[in-house]
Amino acid sequence: METTAFVEALHREGDLLATAAELAGTDAKVPTCPGWQVRDLLRHTGMVHRWAAAFVAEGHTGPRPDGGLPDLDGSALVAWFREGHGRLVDTLAGAAPDVRCWHFLPAPSPLAFWARRQAHETTVHRIDAESARGGEPTPVGVDLAVDGIDELLCAFHARPKSAVRTETPRTLRVRATDSPGAVWTVRLSTQAPVTERGDAGDADCELAGPAARLYPALWNRSPFPEVTGDASLAALWREKSCVTWN
């Protein structure tokens with residue numbers, strides 16, 4: 001996906017998130033994030049949006065702390081979220097392609113990184129907001145879902161901090177059944193996972209399904225559509241794959 005497509009996804013997903021939050025109300029519990037209410041979701045995602053925008057807009061070349069969570073609630077909190085989301089969209093859409101700033105996962109450029117990361121950050125939390133609202137969630141586009149799976153497996157869990165590890169070498173395969181070639185082989189060991197695109201070799205367990213269902217499942221927002229082979233590896237993913245803010 002191109003950077004412009006990620007910015008468009010960020011715009012769309014943020015609007016959906018805010019609308020779902022308004023319908024649910026800030027007191028509503030978020031089933032996909034146990035212990036959170038909608039106010040926690042808005043405060044967190046709005047803070048991340050402002051934090052991300054500052055790197056691109058101000059050209060920070062190293063990590064910096066976030067701005068903290070606002071003491072807002074109700075309609076004022078939703079308005080604050082919308083303002084920060086709009087600022088992030090405008091910042092990314094108007095940035096020079098060669099803007100230089102800090103980023104924390106491999107990417108073709110800092111701008112490409114921030115557009116991609118914030119599109120997926122917002123999509124996952126939009127799913128959370130819609131779980132609080134109830135009813136059928138808005139489908140995630142196949143291309144965005146496939147890219148999100150790729151980011152999670154090839155970038156987030158390639159980092160040394162990934163806790164998805166096994167005492168003996170095991171192999172997990174992830175397959176999006178509605179996108180030709182969208183398959184990943186995740187090699188597990190006592191070290192950080194190593195993911196290859198493709199399905200070479202045998203796997204101990206395969207997680208499969210349509211991309212739009214597999215994507216939130218890998219982010220622990222829903223059950224895996226299909227598990228074949230050793231289900232203990234699916235359980236390991238559930239237990240150890242959480243990506244936290246700090």
Side-chain angles (χ1 to χ4, degrees), residues 1 6 9-10 13 16-17 30-34 36 41 44-45 48 104-107 113 116-131 137-166 170-189 191-199 203-245:
M1 291 177 61
F6 286 122
L10 167 64
E13 296 292 330
L16 289 169
L17 193 163
V30 181
T32 51
C33 291
W36 270 22
L41 182 63
H44 168 78
T45 313
V48 172
F104 61 87
L105 295 176
F113 164 79
R116 183 193 201 194
R117 177 79 291 277
Q118 291 308 301
H120 291 303
E121 174 84 10
T122 307
T123 300
V124 171
H125 287 315
R126 182 270 293 171
I127 292 168
D128 294 330
E130 290 187 344
S131 79
T138 304
V140 180
V142 172
D143 288 347
L144 184 65
V146 167
D147 184 84
I149 296 168
D150 190 83
E151 184 203 43
L152 183 62
L153 298 179
C154 296
F156 268 110
H157 285 286
R159 299 184 297 171
K161 66 192 301 182
S162 175
V164 184
R165 303 182 183 219
T166 55
R170 309 296 301 280
T171 301
L172 177 67
R173 182 153 294 134
V174 177
R175 186 185 305 274
T177 54
D178 56 348
S179 181
V183 57
W184 300 262
T185 299
V186 186
R187 305 199 185 279
L188 305 175
S189 68
Q191 304 300 311
V194 175
T195 298
E196 305 167 13
R197 297 180 183 97
D199 59 358
D204 297 294
C205 176
E206 179 166 305
L207 310 176
R213 293 181 59 199
L214 199 54
Y215 172 53
L218 287 163
W219 277 101
N220 290 331
R221 264 52 186 192
S222 60
F224 291 117
E226 180 181 344
V227 178
T228 55
D230 184 354
S232 71
L233 292 183
L236 175 73
W237 184 272
R238 286 279 184 228
E239 180 185 356
K240 298 293 186 180
S241 70
C242 180
V243 175
T244 59
W245 175 246

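Residues His120 and Leu144 meet the side-chain proximity criterion, which asks for heavy atoms closer than 4.5 Å. With a 4.5 Å cut-off on side-chain heavy atoms, Leu218 and Ser241 do not count as touching. For the pair Arg117/Glu151, a side-chain contact is recorded, criterion being any heavy-atom separation below 4.5 Å from C-beta on. Residues His157 and Val186 have side chains not in contact (no heavy-atom distance under 4.5 Å, counting atoms from C-beta outward). Counting heavy atoms from C-beta on, the side chains of Arg173 and Asp199 come closer than 4.5 Å. Between Pro216 and Val124, the closest side-chain pair of non-hydrogen atoms is not below 4.5 Å. Between Ile127 and Trp219 there is no side-chain heavy-atom pair separated by less than 4.5 Å. Between Arg159 and Leu105 the shortest side-chain heavy-atom distance falls below 4.5 Å.
Residues Thr177 and Pro210 come closest through the heavy atom pair OG1-N, 3.3 Å. Shown here for Ala208 and Pro225, the closest heavy-atom pair between the two residues is O-CB, 3.3 Å. The minimum heavy-atom distance between Val142 and Ser179, with the atom names listed, is CG1-CB, 4.1 Å. Thr185 and Gly198 get closest at one heavy-atom pair: OG1-O, 2.7 Å. Residue Gly209 comes nearest to Leu214 through the heavy atom pair O-CD2, 4.1 Å, listed as atom of the first residue, atom of the second, then distance. The two residues Ala211 and Asp178 come nearest to each other via the heavy atoms N-OD1, 2.9 Å.
In this structure, the separation between CH2 on Trp237 and CG on Leu172 is 7.0 Å, given to the nearest 0.5 Å. Going from atom CZ of Arg175 over to atom CD of Glu206 covers 4.5 Å, rounded to the nearest 0.5 Å. For the atom pair Phe113 CZ and Gln118 CD, the distance stands at 7.5 Å (nearest 0.5 Å). Put simply, CG on Leu207 and CZ on Phe224 are 4.5 Å apart, with the number rounded to the nearest 0.5 Å. Taken to the nearest 0.5 Å, the OG1 atom of Thr166 stands 12.0 Å off from the CZ atom of Arg187. Between Thr195 atom OG1 and Phe156 atom CZ the span is 13.5 Å, to the nearest 0.5 Å.
Side chain of Asp204 to main chain of Gly229: no donor-acceptor pair is present (N/O by atom type, distance under 3.5 Å, no hydrogens or angles). Proximity of a side-chain donor or acceptor of Ser162 to a complementary backbone N or O of Ala158 within less than 3.5 Å is not detected.
Residue pairs satisfying the salt bridge (charged side-chain N to carboxylate O under 4.0 Å, His left out) criterion with at least one member in residues 210-225, sequence neighbours excluded, are listed as follows: Asp128-Arg221.
For the side chain to side chain contact (heavy atoms under 4.5 Å, CB included) with Arg126, the lone residue among Val140, Leu41, Thr45 that qualifies is Val140.
Looking at residues two or more places apart in sequence or on another chain, you find a ring pair (Phe, Tyr, Trp, His ring centres under 6.0 Å) between Trp36 and His44.
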Might you work through the side chain to side chain contact (heavy atoms under 4.5 Å, CB included) test for Tyr215 and Val146, ending with a clear yes or no? CA-CA 7 Å; Tyr215 172 53; Val146 167; over 6 Å; no
Checking Asp230 against Arg170 for the side chain to side chain contact (heavy atoms under 4.5 Å, CB included) test, could you report, in this order, the C-alpha distance in whole Å, the side-chain angles of both residues, the deciding distance, and whether it holds? CA-CA 10 Å; Asp230 184 354; Arg170 309 296 301 280; 2.6 Å; yes
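Within a 6.0 Å radius of CZ in Arg197, no more than 12 heavy atoms belonging to other residues, nucleotides or ligands are found.
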